[in-house]
Amino acid sequence: MATSFCNRRVLLAKFLLAIMAACCTLVESQGTRVGFYSTTCPRAESIVQSTVQSHFRSDPTIAPGLLRMHFHDCFVQGCDASILIDGPNTEKTAPPNLLLRGYDVIDDAKTQIEAICPGVVSCADILSFAARDSVVLTGGVSWAVPTGRKDGRVSLASEAANLPGFRDSVDLQKQKFAAKGLNTQDLITLVGGHTIGTTACQFFRYRLYNFSTTTANGADPSINAAFVSQLQALCPQNGDGSRRIGLDNGSVNRFDNSFFANLRDGKGILESDQKLWTDASTQTIVQRFLGIRGLLGLTFNVEFGRSMVKMSNIEIKTGTAGEIRRVCSRIN
Ligand code: HEM
Ligand SMILES: *[C@@H]1O[C@H](CO)[C@@H](O)[C@H](O)[C@H]1NC(C)=O
Ligand SMILES: *[C@@H]1O[C@H](CO)[C@@H](O)[C@H](O)[C@H]1NC(C)=O
């Protein structure tokens with residue numbers, strides 16, 4: 001009698017433990033967490049940081065390059081480093097990805113990490129760390145990067161067509177972000193990533209010439225007229241379409257909220273960016289970043305990290321899904 005009672009207690013305890021274990025594995029396999037490598041590869045994060053730093057010192061354009069690369073990775077097959085895979089018809093061969101920069105930085109960090117903890121740290125996590133480090137190097141506020149992503153085994157150029165386009169309406173931009181679990185505030189915050197980096201003339205020059213019959217200069221009426229002349233001088237109608245100009249006029253290398261002031265002033269470079277001001281539904285959020293009186297203020301550099309954590313958790317592969325690639329440019 002006493003034994004059976006005892007056994008039942010033991011059984012119950014075992015049962016509860018089993019449930020707890022199943023529950024915890026489940027929780028862990030579903031998400032990323034800060035400090036995922038703290039016992040398996042404690043130096044991973046600092047190796048990425050020092051690698052990004054040293055590349056940045058010789059070429060500051062890798063900071064915007066890596067930030068954009070993380071975005072383009074996350075929006076296609078989730079944040080799984082599918083953007084890094086070489087080969088015919090992989091994502092990196094698709095038109096929106098042709099000008100991405102920073103692949104060598106990821107390879108460099110991966111090589112160093114593999115040398116000390118082989119097969120442990122995913123390329124997807126390295127890219128996520130590198131994007132954060134790029135923001136910090138350009139003056140942004142740091143955030144803790146949750147890790148534990150696995151690398152994907154699929155990379156298709158055709159899927160890059162789902163990335164937001166520079167002519168997209170605000171509604172379409174919202175839709176594309178919502179499809180990834182990102183709300184309208186995340187959209188505006190993350191597009192604020194254009195506070196650093198440049199664009200080729202080919203992506204906005206059409207706004208400068210014969211775009212409208214309502215303006216004397218023929219340009220998109222949403223562009224500040226004095227600014228149009230500057231842009232036309234830098235990007236002549238039949239000039240070099242690959243020439244690059246800053247996305248955040250006057251503050252191209254600083255991670256600050258001046259990008260939003262430029263939108264207010266009609267100095268947005270991409271049509272999709274300027275529309276965030278033209279459209280009433282998004283203008284209010286831009287105004288909140290500008291600290292307009294009477295509106296609840298938003299601090300860009302704080303919100304950016306928050307939205308980045310959301311973006312870097314899009315459709316991630318964890319647990320038994322995916323793999324830890326040995327070389328970031330090819331599946332194992
Ligand atoms: C509606 C959404 C977006 C559109 C249509 C868009 C479009 C573009 C385009 C056309 C360029 C110029 C590319 C080039 O000429 O090399 C660019 C650059 C850039 N984008 Fe976006 N983007 C969007 C959202 C984002 C987001 C969410 C981020 C990051 C969080 C981001 C980060 C960047 C950065 C940092 C650059 C500069 C790249 C460099 O200097 O190499 N963009 N974007
Ligand atoms: C655009 O405008 C310019 C100058 O106003 C003119 O020379 C050119 O022929 C026009 N191009 C087209 C395609 O209409
Ligand atoms: C932007 O700002 C700078 C001043 O830093 C100016 O010299 C430049 O010509 C401006 N215009 C464009 C289109 O980049």
Side-chain angles (χ1 to χ4, degrees), residues 59-75 79 95-103 127-128 130-132 134-135 137-138 140 160 162-180 182 184 186-208 219 223-224 226-235 241-255 258-259 261-262 265-276 279 282 300 303-312 314:
D59 177 11
T61 70
I62 62 108
L66 288 166
L67 177 58
R68 183 170 191 234
M69 186 185 285
H70 190 35
F71 161 54
H72 283 212
D73 183 34
C74 292
F75 266 62
C79 313
N97 292 327
L98 292 178
L99 296 174
L100 286 184
R101 286 171 299 164
Y103 295 108
L127 181 51
S128 199
R132 186 270 319 267
S134 299
V135 169
L137 279 168
T138 48
N162 301 330
L163 282 164
F166 53 85
R167 299 209 65 173
D168 286 355
S169 67
V170 168
D171 277 344
L172 191 51
Q173 295 181 56
K174 283 181 185 171
Q175 266 174 45
K176 287 178 176 178
F177 276 68
K180 304 294 173 189
L182 299 168
T184 303
D186 294 318
L187 163 69
I188 292 144
T189 306
L190 291 167
V191 169
H194 291 164
T195 177
I196 54 169
T198 54
T199 175
C201 289
Q202 57 181 308
F203 299 124
F204 67 89
R205 186 166 48 187
Y206 65 91
R207 301 178 70 206
L208 308 178
I223 316 177
N224 172 306
F227 196 58
V228 167
S229 326
Q230 288 180 28
L231 289 171
Q232 287 176 335
L234 292 167
C235 301
S242 69
R243 177 160 186 188
R244 304 190 68 86
I245 75 138
L247 284 164
D248 179 17
N249 183 249
S251 170
V252 191
N253 303 313
R254 286 299 300 169
F255 210 92
S258 61
F259 171 74
N262 274 325
D265 298 343
K267 293 181 176 181
I269 307 295
L270 300 180
E271 186 181 348
S272 54
D273 289 354
Q274 189 59 54
K275 280 174 176 161
L276 296 177
D279 192 295
T282 44
F300 173 58
E303 296 303 327
F304 194 76
R306 284 196 192 140
S307 291
M308 281 295 282
V309 169
K310 283 176 81 174
M311 187 186 88
S312 67
I314 295 173

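Ligands are counted one by one from 1 in listed order, and the atoms in each one are counted from 1 as well. Please read all numbers here as calculations on a predicted model, not as lab measurements.
Of all the heavy atoms in G241 and R205, the pair that sits closest is CA-NH2, 3.7 Å.
Between atom 1 (C) of ligand 3 and the options L247, N249, N262, the minimum heavy-atom separation is to N249. For atom 15 (O) of ligand 1, the nearest non-hydrogen atom from the set G102, A200, P60 comes from A200.
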(Q) Evaluate D273 against H194 for side-chain hydrogen bond (donor to acceptor under 3.5 Å, both in side chains), listing each step before the verdict. (A) CA-CA 9 Å; D273 289 354; H194 291 164; 2.8 Å; yes
From CA spacing to verdict: side chain to side chain contact (heavy atoms under 4.5 Å, CB included), V252, T198
CA-CA 7 Å; V252 191; T198 54; 4.1 Å; yes
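Judged by distance alone, the side chains of T61 and D59 do bring a donor and an acceptor atom under 3.5 Å apart. A donor-acceptor contact closer than 3.5 angstrom links the side chains of D248 and S258.
Short contacts between ligand 1 and L99, defined as distances under 4.0 Å to a heavy atom of the residue, involve ligand atoms 14 (C), 15 (O), 16 (O). Residue contact check: S272 has heavy atoms under 4.0 Å from atoms 5 (C) of ligand 1. Using a 4.0 Å cut-off to heavy atoms of F227, the atoms of ligand 3 that qualify are 11 (N), 12 (C), 13 (C). Short contacts between ligand 1 and R101, defined as distances under 4.0 Å to a heavy atom of the residue, involve ligand atoms 39 (C), 40 (O), 41 (O). Taking a cut-off of under 4.0 Å to the non-hydrogen atoms of P164, the atoms of ligand 1 that pass are 1 (C), 2 (C), 5 (C). Those atoms of ligand 1 with a heavy atom of F166 less than 4.0 angstrom away are 5 (C), 10 (C). Atom numbering of ligand 1 starts at 1 in the shown order; those under 4.0 Å from a heavy atom of L190 are 26 (C), 27 (C), 28 (C), 29 (C), 30 (C).
For atom 5 (O) of ligand 3, a protein non-hydrogen atom is found at a distance below 4.0 Å.
With values rounded to the nearest 0.5 angstrom, F255 atom CZ is found 5.5 Å from I196 atom CD1. If you take CZ on F75 and CG on L190, they are separated by 7.0 Å, rounding to the nearest 0.5 Å. In this structure, NZ in K176 is found 14.0 Å from CG in L182, a value given to the nearest 0.5 Å. If you take NZ on K174 and CG on L187, they are separated by 8.5 Å, rounding to the nearest 0.5 Å.
Taking a 4.0 Å cut-off on heavy atoms, G246 fails to register as neighbouring ligand 3. The closest approach between any non-hydrogen atom of R244 and ligand 1 is below 4.0 Å.
By the 4.0 Å N-to-carboxylate-O rule, E271 lies close enough to R167 to be salt-bridged with it.
Around atom 21 (Fe) of ligand 1, protein N, O or S atoms at a distance under 2.8 Å total 1; waters are neither shown nor counted.
Residue H70 does not touch ligand 1, judged by heavy-atom distances below 4.0 Å.
Within the 4.5 Å cutoff, the side chain of T138 has no heavy atoms near those of the N253 side chain.
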